[in-house]
Amino acid sequence: QVDKTAELVARWTYCALSQEKLRRPIVACELGRLYNKDAVIEFLLDKSADKTPMEAASHIKSIKNVTELKLTDNPAWNGDKESIKGDKYDDSQSACFICPVVGLEMNGRHRFCFLRNCGCVFSERALREIKSEVCHKCGVPFQEEDVIVLNGNKDDVEVLKKRMEDRRLKSKLEK
């Protein structure tokens with residue numbers, strides 16, 4: 001039995017490819033998984049035969065398949081700034097990023113999305129409550145298909161996978 005909170009913390013604080021702590025620049029794939037950009041670049045460059053394609057990134061064929069995320073820092077988060085000696089409570093649910101619109105922490109308790117065309121990250125609540133055809137942060141227009149759920153459940157991933165395959169097929173046909 002997997003501990004749900006530990007799994008959430010792992011998915012929201014560690015790279016899905018290298019399992020290292022997420023650090024800027026952070027990118028996300030079309031299925032909503034979070035990666036360190038350097039880990040994705042290393043994965044794409046290392047085409048040696050002994051390296052089996054990892055399930056977490058098998059759908060990433062080029063750097064164009066990932067979007068660099070524009071994240072908003074959480075002013076209440078002081079994570080790595082303090083030395084951890086074990087003499088203070090370490091809140092694993094505290095997140096280093098928040099939604100710029102409603103201020104929710106990006107820790108896995110609330111659903112977060114990003115916009116494929118600009119990379120801005122919002123909570124799903126912000127996108128639902130403030131209906132708009134332009135990004136709340138940078139003003140870039142977007143459609144419903146451009147909204148990708150970060151670290152979604154199995155159903156979300158299935159929908160995103162279908163959307164990704166349709167988009168790739170459409171771009172192949174246009175060429």
Side-chain angles (χ1 to χ4, degrees), residues 8-47 51 53-75 77 79-81 94-108 110-127 130 132-152 156-157 159-168 170-172 174-175:
L8 273 179
V9 169
R11 283 173 59 189
W12 288 94
T13 54
Y14 294 97
C15 171
L17 192 58
S18 66
Q19 305 307 316
E20 294 173 357
K21 220 171 180 54
L22 285 172
R23 61 188 181 281
R24 284 201 159 106
I26 297 172
V27 295
C29 66
E30 294 167 290
L31 301 180
R33 295 189 186 116
L34 299 171
Y35 306 94
N36 286 326
K37 191 173 186 178
D38 55 353
V40 172
I41 292 169
E42 283 174 31
F43 166 77
L44 290 169
L45 290 175
D46 189 8
K47 296 289 183 210
K51 197 134 189 222
M54 296 180 74
E55 190 272 323
S58 56
H59 59 285
I60 300 175
K61 306 289 185 226
S62 87
I63 199 72
K64 290 178 183 163
N65 296 147
V66 294
T67 306
E68 191 166 326
L69 300 180
K70 295 180 184 129
L71 295 156
T72 306
D73 289 317
N74 182 356
W77 190 76
D80 302 332
K81 289 183 222 142
S94 177
C96 52
F97 304 114
I98 59 169
C99 172
V101 179
V102 290
L104 292 173
E105 288 193 347
M106 196 169 112
N107 57 9
H110 308 284
R111 288 167 56 95
F112 270 74
C113 309
F114 77 94
L115 305 178
R116 249 188 70 242
N117 34 7
C118 64
C120 293
V121 178
F122 302 101
S123 65
E124 199 177 55
R125 187 186 303 173
L127 287 173
I130 306 167
S132 173
E133 282 87 49
V134 295
C135 172
H136 304 315
K137 207 169 167 184
C138 65
V140 171
F142 70 92
Q143 277 118 23
E144 192 62 43
E145 300 88 57
D146 296 325
V147 178
I148 295 180
V149 177
L150 288 170
N151 286 329
D156 294 329
V157 172
V159 169
L160 291 172
K161 193 174 256 178
K162 172 112 181 70
R163 247 196 253 165
M164 174 185 76
E165 288 163 358
D166 293 347
R167 200 170 25 250
R168 288 184 181 178
K170 189 176 158 193
S171 71
K172 203 177 249 181
E174 285 173 1
K175 286 179 183 176

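Residue indices begin at 1 and follow the sequence shown.
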Tell me if a side-chain donor or acceptor on [X] pairs with a main-chain N or O of [Y] at a distance below 3.5 Å.
X: Asn117; Y: Pro141; value: yes
X: Arg163; Y: Ile148; value: no
X: Asn151; Y: Arg11; value: yes
X: Asn36; Y: Arg23; value: yes
X: Lys70; Y: Cys118; value: yes

Is any side-chain heavy atom of [X] closer than 4.5 Å to a side-chain heavy atom of [Y]?
X: Leu115; Y: Val147; result: yes
X: Asp73; Y: Arg24; result: yes
X: Phe97; Y: Leu22; result: no
X: Lys137; Y: Thr72; result: yes
X: Ile41; Y: Ile63; result: yes
X: Glu105; Y: Asn74; result: yes
X: Phe122; Y: Cys113; result: no
X: Glu20; Y: Tyr14; result: no

For [X] against [Y], the heavy-atom pair lying closest together:
X: Ala39; Y: Leu17; result: O-CD2, 3.3 Å
X: Ala57; Y: Tyr35; result: CA-OH, 4.2 Å
X: Glu68; Y: Val27; result: CA-CG1, 3.7 Å
X: Pro75; Y: Ile98; result: CD-CD1, 3.9 Å
X: Ala28; Y: Leu150; result: CB-CD2, 3.8 Å
X: Val101; Y: Ala126; result: CB-CB, 3.7 Å

Taking atom [atom1] of [X] and atom [atom2] of [Y], what is their separation to the nearest 0.5 Å?
X: Asp38; Y: Leu45; atom1: CG; atom2: CG; result: 11.0 Å
X: Phe142; Y: Leu127; atom1: CZ; atom2: CG; result: 5.5 Å
X: Cys135; Y: Phe114; atom1: SG; atom2: CZ; result: 12.5 Å
X: Leu69; Y: Lys37; atom1: CG; atom2: NZ; result: 10.5 Å
X: Lys64; Y: Ser171; atom1: NZ; atom2: OG; result: 10.0 Å
X: Arg33; Y: Ile60; atom1: CZ; atom2: CD1; result: 8.5 Å

Do Asp166 and Lys170 pass the salt bridge (Lys or Arg N to Asp or Glu O under 4.0 Å) test, and can you show the C-alpha distance, the side-chain angles, and the key distance before you say yes or no? CA-CA 6 Å; Asp166 293 347; Lys170 189 176 158 193; over 6 Å; no
Before you tell me yes or no, could you show the steps for Arg167 and Glu30 under salt bridge (Lys or Arg N to Asp or Glu O under 4.0 Å), namely the whole-Å CA-CA distance, both residues' side-chain angles and the distance that decides it to 0.1 Å? CA-CA 10 Å; Arg167 200 170 25 250; Glu30 294 167 290; 3.3 Å; yes
Evaluate Val149 against Glu124 for side-chain contact (heavy atoms from CB on, under 4.5 Å), listing each step before the verdict. CA-CA 8 Å; Val149 177; Glu124 199 177 55; 4.3 Å; yes
Working note: His110 + Val102, criterion side-chain contact (heavy atoms from CB on, under 4.5 Å); need CA distance, chi angles, decisive distance, verdict. CA-CA 11 Å; His110 308 284; Val102 290; over 6 Å; no
As a quick check of understanding, evaluate side-chain contact (heavy atoms from CB on, under 4.5 Å) for Trp12 and Asn107, giving each step before the final call. CA-CA 6 Å; Trp12 288 94; Asn107 57 9; 5.8 Å; no
